[in-house]
Peer 1: 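Before we start, here is the structure in question, set down as structure tokens.
Chain letters run A, B, ... following the sequence lines, proteins first, then strands; residues in each count from 1.
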Amino acid sequence: MRIVSYNVNSVTTRATRLVALLEDLRPDVVCIQETKVAPAAFPHLEIQAAGYVAADLSGGRWAGVAILARSDLRLEDVTVGLPGQPDPEEARWIEATVDGVRVVSVYVPNGREVGTDTFASKLVFFDVMRARAAALADRPAVITGDMNVCPTDLDVWSVADIHGATHVTPDERSRFQAILAEGYVDAFRHLYPLEPGFTWWDYRAGNFHKGFGLRIDLALVSLPLAPRLSGARVERAYRKPTTVPGTKSSDHAPLTIDLG
DNA sequence: ATGCCTGTGGCGCACAGA
């Protein structure tokens, strides 16, 4: 089973590039984040035309998550929202079962600035996420998406230069480690202990070109499923402007994992 | 080179993103 996680930064703007990715990588499942679309405007028809079905939790101009599956598979037992999340109206969590695997697409709050209310809310989100991750840990499960945390300094181009230290604080990192400790492996890091594996680069100042990135899009694979993990790859081509003519890139690259 | 920010809502520009 191939699962792709992709923060699209607007599914409307990214629809053509997303369809190109579906045709190129032929994933079984795609978890997308930051759909930035109203529920009625979610591009179901374009996705269906590409041979996929989608379940979405769309919240208008901010956030928004969805799970796509190839049309010959089924999206079973879809649930939306993370029980106990600090801002329940924010569209940040969706689950579905595909071919026996519980799949989660998550968009963790950014946190903006250390010490703010939004940062405190981000920490609560991690705590609540840990509880849900624990409930899923004893079965085949993949929790993937934009986690908005760099687990270690290897996941940051420069700790000194990162914006106000969010994404790298001990408060965020310890909560993320607590989620892993419930019974998950960080797929890319498990297979590539020494490669940065960045998935996000600021649009500004040529940061992609310069290699100034972060690894924040992660796939957590439950221990019962981890023996099947056979590959992980950052789809850097989809961060380039030229890969799909006539389309623009998200500021995130997709992350692919393969389960044998 | 992969190149200097982009998206939404709404029609100017505030706000969010990480």
Peer 1: With respect to the phosphate group of B:dA16, does any side-chain polar atom (N or O) of A:K36 fall under 4.0 Å of OP1 or OP2?
Peer 2: no
Peer 1: Taking the nucleotide of DNA chain B with the nearest heavy atom to each, does A:V11 or A:Y203 sit closer to the 5' end?
Peer 2: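 In this pair, the answer is A:Y203.
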Peer 1: Identify whether any heavy atom of A:N7 sits under 4.0 Å from a base atom; if not, whether one sits that close to sugar-phosphate; answer base, sugar-phosphate or nothing.
Peer 2: sugar-phosphate
Peer 1: Base, sugar-phosphate, or nothing for A:K248, non-hydrogen atoms under 4.0 angstrom?
Peer 2: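 Contact class for A:K248: sugar-phosphate only.
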Peer 1: Under 4.0 Å between any heavy atoms, over every strand shown, what does A:R14 touch: base, sugar-phosphate, or nothing? Just pick one.
Peer 2: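 Sugar-phosphate, backbone atoms only, no base.
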Peer 1: Under 4.0 Å from OP1 or OP2 of B:dG17: is there any side-chain N or O of A:R112 that close?
Peer 2: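 Yes, such a contact exists.
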Peer 1: Look at all strands and tell whether A:R239 reaches a base, only sugar-phosphate, or nothing, counting heavy atoms closer than 4.0 Å.
Peer 2: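 If one applies the 4.0 Å heavy-atom cut-off, A:R239 turns out to touch nothing in the nucleic acid.
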Peer 1: Rounded off to whole Å, could you give me the CD-to-P distance for the A:Q33 and B:dG17 pair?
Peer 2: 14 Å
Peer 1: State plainly whether the residues A:R189 and A:E195 are in salt-bridge range, i.e. N to O under 4.0 Å.
Peer 2: no
Peer 1: Using the P atom as the point on both nucleotides, what is the distance between B:dC5 and B:dG10, in whole Å?
Peer 2: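 Their P atoms lie roughly 26 Å apart.
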Peer 1: Say we look at B:dC11 and B:dT6: how far apart would their P atoms be, to the nearest angstrom?
Peer 2: 23 Å
Peer 1: Taking CZ from A:R61 and P from B:dT8, how many angstroms apart are they, rounded to a whole number?
Peer 2: 10 Å
Peer 1: Select base, sugar-phosphate, or nothing to describe what A:W201 touches, counting heavy atoms under 4.0 Å on all strands.
Peer 2: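 No contact at all - A:W201 keeps every heavy atom at 4.0 Å or more from the nucleic acid.
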Peer 1: Identify, between A:D146 and A:V37, the residue whose nearest nucleotide on DNA chain B lies closer to the 5' end.
Peer 2: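 Final value for this comparison: A:V37.
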Peer 1: Look at the side chain of A:R204 and decide which nucleotide, out of B:dG17, B:dC5, B:dC15, has an atom nearest to it.
Peer 2: B:dC5
Peer 1: If I take atom CG in residue A:N148 and atom P in nucleotide B:dG17, what distance separates them, rounded to the nearest angstrom?
Peer 2: 8 Å
Peer 1: Between the side chains of A:D24 and A:Y238, does any donor sit under 3.5 Å from an acceptor?
Peer 2: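 Per modelled atom types, A:D24 and A:Y238 side chains form a pair under 3.5 Å.
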Peer 1: NE2 of A:H252 versus P of B:dG7: gap in Å, rounded?
Peer 2: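 It works out to 13 Å between those atoms.
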Peer 1: Provide, to the nearest angstrom, the distance between the CZ atom belonging to A:F208 and the P atom belonging to B:dC5.
Peer 2: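 Rounding to the nearest Å, CZ of A:F208 and P of B:dC5 are 15 Å apart.
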Peer 1: B:dT8 phosphate, OP1 or OP2: any side-chain N/O from A:T13 under 4.0 angstrom?
Peer 2: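 A:T13 to B:dT8 OP1/OP2: side-chain N or O found under 4.0 Å.
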Peer 1: Taking the side chain of A:S10 as its heavy atoms from C-beta onward, which of B:dG7, B:dG17, B:dT2 lies nearest to it?
Peer 2: B:dG7
Peer 1: Between B:dT8 and B:dC4, how far apart are the C1' atoms? Round to whole Å, please.
Peer 2: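 Approximately 23 Å lies between the C1' atom of B:dC4 and that of B:dT8.
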Peer 1: With rounding to whole Å, what would you report as the distance between B:dG7 and B:dG12 at their C1' atoms?
Peer 2: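 Each nucleotide's C1' atom is 16 Å from the other's.
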Peer 1: Do A:Y192 and A:L180 share a hydrophobic cluster (ILVMFWY, side-chain heavy atoms under 4.5 Å, transitive)?
Peer 2: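 Per the 4.5 Å side-chain linkage, A:Y192 and A:L180 are not co-clustered.
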Peer 1: NA contact type, A:F212, heavy-atom cut-off 4.0 Å: base, sugar-phosphate, or nothing?
Peer 2: nothing
Peer 1: Between A:S121 and A:D87, do the side chains contain an N or O donor and an N or O acceptor separated by less than 3.5 Å?
Peer 2: yes
Peer 1: Rounded off to whole Å, could you give me the CD-to-C1' distance for the A:E34 and B:dC5 pair?
Peer 2: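 Interatomic distance, CD of A:E34 to C1' of B:dC5: 14 Å.
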Peer 1: For residues A:H167 and A:N148, is any side-chain donor paired with an opposing acceptor at under 3.5 Å?
Peer 2: yes
Peer 1: Please state how far atom CH2 in A:W62 lies from atom P in B:dT6, giving the value in whole angstrom units.
Peer 2: 17 Å
Peer 1: In terms of side-chain heavy atoms of A:N9, which of B:dG7, B:dG17, B:dT2 is nearest?
Peer 2: B:dG7
Peer 1: Hydrophobic clusters here meaning ILVMFWY residues chained together by side-chain heavy-atom distances under 4.5 Å, can you tell me if A:Y107 and A:I94 are in one?
Peer 2: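 Looking at the clustering, A:I94 is in the same group as A:Y107.
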Peer 1: When the distance from CZ of A:F119 to P of B:dG17 is rounded to whole Å, what number comes out?
Peer 2: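 The distance from CZ of A:F119 to P of B:dG17 comes to 14 Å, rounded to the nearest Å.
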